[in-house]
Amino acid sequence: MKLPSSSATELNKANMEHMVSMKDFSVEEMDNMMELMTYLKQARRDNAIPQLFKGKSVGMIFEAGSTRTRVSFEVAATLLGGHALFLSPKDIHLGGKESIDDTSRVLSRMCDIIMARTNSPETLDGLLEMSTVPVINGLDTRFHPTQMLADLYTIREHITDGRRLSDLTLAFMGDATDVCRSLMLTCAKYGMGFKQIGPKKYHMEPEWVELAESFCKESGGHIEITDDVDQISECDVVYGDSFYWVTQMDEKEERLAAFMPDYVITEELMAKARPGAMLLHCLPANDKEEVTRGALESEYSVAFDEAENRLTAQMAILVYFTHKHAVIPTEETIKHHEEKINGFLKTL
């Protein structure tokens with residue numbers, strides 16, 4: 001008996017959500033994701049993680065290499081009872097022999113969720129255009145939402161004096177990277193203070209600052225873009241990131257000359273921040289460039305807790321974006337198909 005082919009319309013799911021940037025979510029939605037992280041982190045601690053991704057697969061497209069993003073998604077899928085497929089440009093025909101649109105359509109029919117870490121917004125946007133399953137932005141040149149979820153959670157986890165996120169000011173030391181942009185917009189959503197501290201040449205683009213300031217009008221947050229290192233004295237969280245990325249190696253020496261030594265996070269610089277200030281870093285860290293090993297290994301550094309929380313975040317993301325469409329078969333349905341298939345196999 002020939003089964004009818006599924007149409008794209010049939011594969012589309014009602015109320016399907018993608019994760020492109022944290023700016024697209026309300027504070028309530030982000031809080032819900034973090035609450036789910038807490039439940040899953042506690043379950044992992046007790047080695048009792050519910051199999052909420054059982055029978056599901058995440059297709060992971062990596063145009064750019066990664067340690068934390070790849071490992072955290074693969075381990076998250078496994079812990080939740082599912083499967084992760086690593087797909088590098090050498091493994092698939094993305095944008096080459098096969099269009100991005102067609103790749104998206106094919107993966108949508110075989111996987112339950114797509115995660116893409118890309119070198120350009122165009123790749124991600126192409127996947128979003130034709131996907132009939134949730135697409136998760138694992139990083140593009142604009143945003144890094146999965147990192148943001150881990151960062152917010154880590155900060156909240158380490159607040160010990162009863163303050164809320166909205167009571168804090170975060171300093172990002174460095175260039176207007178995807179992480180910097182994402183932090184600025186996310187902090188603005190939560191009513192936090194945000195300062196990008198770095199040379200004027202590398203300040204955030206005005207259109208993104210304007211968007212963040214529009215969020216601040218509703219949340220009560222505040223944004224400042226400055227080259228004044230002394231403003232770290234007003235900050236409760238100090239955040240480090242590389243001063244150059246793999247696509248900027250031809251600018252490496254120029255960038256290091258602009259940022260070093262004034263904007264390097266040292267133990268001396270951290271001492272100028274507010275009492276109890278914590279240090280975050282999205283990693284990998286370039287020792288003695290944007291951060292010293294002494295600062296990274298200090299008691300106020302939560303960078304490796306932050307890295308571990310990438311796993312916590314990815315577990316929550318896989319569940320949050322697929323649970324609405326989960327089809328849980330009854331024992332009767334399972335038995336029906338098992339008997340039907342086994343009956344046919346006996347005739348062979």
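We use all heavy atoms of the structure for the numbers below, so side chains are in, but hydrogens, waters and symmetry mates are not.
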How about [X] and [Y]: do any of their side-chain heavy atoms sit closer than 4.5 Å?
X      : Y      : answer
Ile114 : Ser108 : yes
Asp228 : Ile197 : no
Met22  : Leu185 : no
Asn137 : Met19  : no
His18  : Asp24  : no
Phe62  : Met115 : yes
Met37  : Glu157 : no
His222 : Thr169 : yes

Using the salt bridge (Lys or Arg N to Asp or Glu O under 4.0 Å) criterion, which residues pair with [X]? Sequence neighbours excluded.
X     : value
Lys23 : none
Glu29 : none
Arg45 : none

Exercise. Check the angle between the aromatic planes of Phe321 and Phe25 and answer parallel, tilted or perpendicular using the 30° and 60° thresholds.
Key: perpendicular
Self-check item: Worked verdict on Met270 versus Ser298 for side-chain contact (heavy atoms from CB on, under 4.5 Å)
Solution: CA-CA 10 Å; Met270 286 298 300; Ser298 66; over 6 Å; no
So with a 6.0 Å cut-off around [atom1] of [X], is the heavy-atom count from everything else above 12?
X      : atom1 : value
Phe304 : CZ    : yes
Gln51  : CD    : yes
Glu207 : CD    : yes
Asp250 : CG    : yes
Arg163 : CZ    : yes

Measuring from atom [atom1] of [X] to atom [atom2] of [Y], what distance do you get when rounded to the nearest 0.5 angstrom?
X      : Y      : atom1 : atom2 : result
Ser131 : Leu107 : OG    : CG    : 8.0 Å
Thr123 : Leu128 : OG1   : CG    : 11.0 Å
Thr141 : Trp245 : OG1   : CH2   : 12.5 Å

Self-check item: Test applied, side-chain contact (heavy atoms from CB on, under 4.5 Å); reference residue, Leu80; option that passes from Val75, Val58, Val319
Solution: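 For Leu80, the side-chain contact (heavy atoms from CB on, under 4.5 Å) test succeeds with only one of Val75, Val58, Val319, which is Val319.
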Looking at [X] and [Y], what are the two nearest heavy atoms and their distance?
X      : Y      : answer
Ala313 : Ala150 : CB-N, 4.1 Å
Ile113 : Leu318 : CG2-CD2, 3.9 Å
Thr146 : Gln314 : CB-OE1, 3.7 Å
Ile61  : Ile92  : CG1-CD1, 4.2 Å

Quiz item: Salt bridge between Asp31 and Arg156, side-chain N to carboxylate O under 4.0 Å?
Solution: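 Salt bridge present between Asp31 and Arg156.
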Quiz prompt | Carboxylate-amine/guanidinium proximity below 4.0 Å for Arg181 and Asp178 | solution = no
Answer yes or no: is there a donor N or O on one side and an acceptor on the other, between the side chain of [X] and the main chain of [Y], under 3.5 Å?
X      : Y      : result
Thr118 : Asp140 : no
His158 : Ile155 : no
His83  : Ala77  : no
Ser72  : Leu311 : no
Ser182 : His144 : yes
Gln196 : Met204 : yes
Glu290 : Lys288 : no
Thr103 : Ser99  : yes

Practice problem: Mind running side-chain contact (heavy atoms from CB on, under 4.5 Å) on Ile223 and Lys195 for me, showing each step along the way? | Solution: CA-CA 6 Å; Ile223 304 295; Lys195 296 177 185 287; over 6 Å; no
Could you name each residue pair satisfying salt bridge (charged side-chain N to carboxylate O under 4.0 Å, His left out) that touches [range], not counting sequence neighbours?
range            : value
residues 113-125 : Asp125-Arg142
residues 47-75   : Arg70-Glu74
residues 259-276 : Asp236-Arg274
residues 306-325 : Glu17-Lys324, Arg44-Glu308

Self-check item: Worked verdict on Leu52 versus His323 for side-chain contact (heavy atoms from CB on, under 4.5 Å)
Solution: CA-CA 8 Å; Leu52 299 171; His323 82 282; over 6 Å; no
Side-chain H-bond candidate by donor/acceptor type, [X] with [Y], under 3.5 Å:
X      : Y      : answer
Asp112 : Thr322 : no
Asn286 : Ser242 : yes
Ser88  : Asp91  : yes
Thr312 : Asn309 : yes

Quiz prompt | Reference residue Tyr244; test side chain to side chain donor-acceptor pair (under 3.5 Å); the match among Glu251, Glu289, Arg255 | solution =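 So the option named by the test is Glu289.
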Quiz prompt | Pairs meeting criterion ring pair (Phe, Tyr, Trp, His ring centres under 6.0 Å) with involvement of residues 259-300, two or more places apart | solution = Tyr202-Phe259, Phe243-Phe259
Quiz item: Residues in ring-ring contact (aromatic ring centres under 6.0 Å, His included) with Tyr239, at least two apart?
Solution: Phe172
Self-check item: With sequence neighbours excluded, residues passing ring-ring contact (aromatic ring centres under 6.0 Å, His included) with Phe143
Solution: Trp208
Quiz prompt | Remaining members of the apolar cluster that contains Phe344, side-chain heavy atoms under 4.5 Å | solution = Ile341, Leu345, Leu348
Result block: side-chain N/O donor-acceptor pairs under 3.5 angstrom for residues 211-218, not counting sequence neighbours:
| unit_1 | atom_1 | unit_2 | atom_2 | d |
| --- | --- | --- | --- | --- |
| Ser214 | OG | Leu211 | O | 2.5 |

Practice problem: Quick one: do Leu280 and Leu170 satisfy side-chain contact (heavy atoms from CB on, under 4.5 Å)? Show the steps, please. | Solution: CA-CA 10 Å; Leu280 276 76; Leu170 182 147; 5.9 Å; no
